[in-house]
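Below is one structure; the comments refer to it alone.
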Amino acid sequence: MAFLKNAWYAGAWSHEVGRAPLARTILGEPVVMYRTQKGEPAVLSNRCAHRFAPLDRGRLVDDALECPYHGLRYDSRGQCVYNPQDDGVIPKGARVRCYPAVEKYRVLLNETAATERADIAKIPNFDFIDDSGRYAVTTGTLLIRANYELVSDNLLDLTHTQFLHADVFKSEAVMRGRFEVIEDGTTIHSKRWCPDAPPTPPLRLALNYDKHVDFWMDMRWDPPGLMRLDVGATPTGKPRVDGVHNLEMHLLTPETETSTHYFWADARTYGINDPVVEENNRRALEHAFIEQDKPMLEAQQAMLGTAELWSLNPVMLKGDAAALRARRVLARLIGEERL
Amino acid sequence: MAFLKNAWYAGAWSHEVGRAPLARTILGEPVVMYRTQKGEPAVLSNRCAHRFAPLDRGRLVDDALECPYHGLRYDSRGQCVYNPQDDGVIPKGARVRCYPAVEKYRVLLNETAATERADIAKIPNFDFIDDSGRYAVTTGTLLIRANYELVSDNLLDLTHTQFLHADVFKSEAVMRGRFEVIEDGTTIHSKRWCPDAPPTPPLRLALNYDKHVDFWMDMRWDPPGLMRLDVGATPTGKPRVDGVHNLEMHLLTPETETSTHYFWADARTYGINDPVVEENNRRALEHAFIEQDKPMLEAQQAMLGTAELWSLNPVMLKGDAAALRARRVLARLIGEERL
Amino acid sequence: MAFLKNAWYAGAWSHEVGRAPLARTILGEPVVMYRTQKGEPAVLSNRCAHRFAPLDRGRLVDDALECPYHGLRYDSRGQCVYNPQDDGVIPKGARVRCYPAVEKYRVLLNETAATERADIAKIPNFDFIDDSGRYAVTTGTLLIRANYELVSDNLLDLTHTQFLHADVFKSEAVMRGRFEVIEDGTTIHSKRWCPDAPPTPPLRLALNYDKHVDFWMDMRWDPPGLMRLDVGATPTGKPRVDGVHNLEMHLLTPETETSTHYFWADARTYGINDPVVEENNRRALEHAFIEQDKPMLEAQQAMLGTAELWSLNPVMLKGDAAALRARRVLARLIGEERL
């Protein structure tokens, strides 16, 4: 399996990265993340060029990361800037790979392309993450031992909420709502619209409204695995702005071919300063992600073993349409990179 | 390594299978077992045809098993009978493999052949399992991390009882008793006859007789790994019916190439309603199987690694004759299946 | 990867080997070690020739090791000398491999060559191990989950003490001392000489001398991984005999391609009968070996995965010169064995 190289991947939450080096495997490559004294993020290969010792176990000397084994130091661009041996002469080739990094939406995004910069403008708009006036934001991270496309499959077919998450998110309207898939360039939209129906219990509670509502679950996917969800409900016939929203960011970063760093954020328009709502919302999301999605995705991966999904001839349902298109877009982009 | 497909394998004890789906890997394939409302056993592939979710985590809706991920339902024949999407249209090909199942001798036996039914008549007679008037029956299950042929090797050469199980089953007569191997079609008999000798301590206790006895250990093997043992003792010169017997069923089912589901049952003719005898008998058997055979078999497998037994040129002893023939029968049958 | 076969490897400390069989994997092969009643060491393959049961789980009957499974017995040369079946006839080929063994320097050394004896004279002189009049000796064993050449790399470039072990062995003189590498046949000497300098804290303490000293770290390597270290200090300008020494033996035995049995001994000339010095010395060494070297070596191995060191184009520093030569000698010897 190949990964899309010319793309942005979330490496860490901004708050995770500081003066203590942080190691993480991304796209199968060991990286180390830290901040310079000015606070700028550095993302380097975690393997010293000399004897491949893990740099994250070293210490920062000003802005340089010192190898814990024999003391070579690398600056935040990955260039060796200090050699304690050899009269201080820096050996030719003594550098480690530096990954371009951008901080946005509270996340450190790493690019892995060797040849050209991925277009930062292609990252979808998650402005809600930083809009604390209008939203209360909850975040979390999971390591899921399954391929990242199984995770995006999951998120692009939200009918699974009616079975896997039935204990919390059940509404009989979901399965009969209108389902629309829109392909726009490399972006896939998966939209569910459930008019004049009983909402899911969390939406009912959020809206504090006992009658029928119009509700929606609109997911947007951009390669390689950047996803934006708008779930909300409004009293039937009212405009969406009169209702409640949960806007979510789901960023999927392959750790390996069979494991995924999953960064999620949920921004809600209701109960913004209410700690009980905050607690209930977090519990519902973590229950769904940690206790239901994660075991299911890992069981799927175990069933697949090393086989590709398509090689097993899966039966296709209508609800797979968005996931299918996302997989096709990704396969096409990866194929183009190889040319 | 190949498995014999056109054959019966024990999948579970009957009492293990009910309205809670039971997952087990058999011959490397994930299966799920449950009972219909009428109590009939169903054995299906445990991988949903849609996205390969494990069906055993789903729930039974009447007699259909509902996939826990997106809600497809399969009847006890493996046919998808309900699709919550697509206006209820069942997609073509939406079925999972159904394994023929027979219940006999308190065991759910699964057949894995795709093309024709294995001959149920070839299962050896274990009627003693159900004859509670004449026998007290003790059962157990082990998962042994060794190839199933190593387990049948073990059972077909009972000289190992004099070393591996010497603390319980030692009798100096065993090694000098008469040993006979009979090949009858695809059945192998391995018989040991020890006349006018001190029996093993458990037999002495069972017979409650201090003098010399005639005792025997007769093992029958049928492919792929169905084994019947008759161990007993009678006062020297008396007919066998005057003595005590332990009749045993040993059913070996490959989980993978290097692990085995081992179902055993012991039916004794003595102390039938005596809880102390029951307890002592169970303890002796579990001590031998769990604390002695299992570690030895797993150590053997570790020594073999991925090598086939024959590739390492094992030295052959006379006591291997039955195991050798059983391996030959099995290899021949597997070879014939491939034609 | 290949191992050098015609060579001596440490299998165990002498005190580990007795009448209780000891199993260990050496060069990927399972061996069992024990002593005859006269105290002579026996080193055999741990796989019974019959069914590959692990002999170390058996018992010694006089000088013969009895297989725990079916009772074959092997003498200390690996020849089967007792068969409880077959009227006692020993089957042709019923033997297990016997490894030549020599005891020296408190260690049981095993040779693995099948064809000719490795030259025992090539084992370097570690007489200090047995010279309890002049030295206090501390020993230890580690299992390191890294290739043994990574361990010898570590020991042949002691600049790492200034980073990995900086908390105990730091002296700014080490990096600017004179470094000399001498290749003498298949022996590599790696010598560091630090005149008129502050010693490392342990040497300062050992010497009980506050002023500048001359100190040295002289490592000798012989294939496949037999290493002798002389670390010491003397008041500046005085002969070495006026100073303190730690003489060390480091014996590296591949368990597998990615794990190493590491036997070490430290003989010091100071505080010979002082339990506090003994305790401090042991603590410092175990801290360095167990808490610093072992995790670093295992992290290196994890970074390398299955790749060979050279395939990753490591940057070379001057301090690598000895390790580089040792690797070349070993590669040449292994290559010659294959001709």
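Order of the sequence lines sets the chain letters (A, B, ...), proteins ahead of strands, with each chain counted from 1.
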Top contributor to chain C contacts, counting heavy-atom pairs under 4.5 Å, from D157(B), L297(B), D293(B): D157(B)

Greatest number of heavy atom pairs closer than 4.5 Å to chain C - which of L304(B), T161(B), L317(B), L312(B): L317(B)

Heavy-atom contact with chain C under 4.5 Å, split by part of Q162(B): neither

Residues R228(B) and D222(B) bridged, charged N to O under 4.0 Å: no

Partner chain B: residue of L72(C), N46(C), D87(C), D86(C) with the largest heavy-atom pair count (under 4.5 Å): D86(C)

CD1-NE2 distance between I144(C) and H261(C), expressed to the nearest 0.5 angstrom: 11.5 Å

Which portion of R59(C) sits near chain B, non-hydrogen atoms under 4.5 angstrom: neither

Per-residue contact mode, N83(C) against chain B (heavy atom under 4.5 angstrom): side chain

Check ion pair R97(C)-E29(C) (N to O, under 4.0 angstrom): yes

P68(C) versus chain B, the contacting section by heavy-atom distance below 4.5 Å: both

Residue, of P295(B), A302(B), A166(B), that accumulates the most heavy atom pairs under 4.5 Å with chain C: P295(B)

Pairwise distance CD(E257(B)) to OG1(T306(B)) - rounded to 0.5 angstrom: 10.0 Å

NZ/NE/NH1/NH2 to OD/OE distance under 4.0 Å, R145(C) and E298(C): no

W13(C) and F263(C) aromatic ring geometry - parallel, tilted or perpendicular at 30°/60° bounds: perpendicular

Contact class of L309(B) relative to chain C, heavy atoms under 4.5 angstrom: both

Spacing of D62(C) atom CG and Q37(C) atom CD [to the nearest 0.5 Å]: 5.0 Å

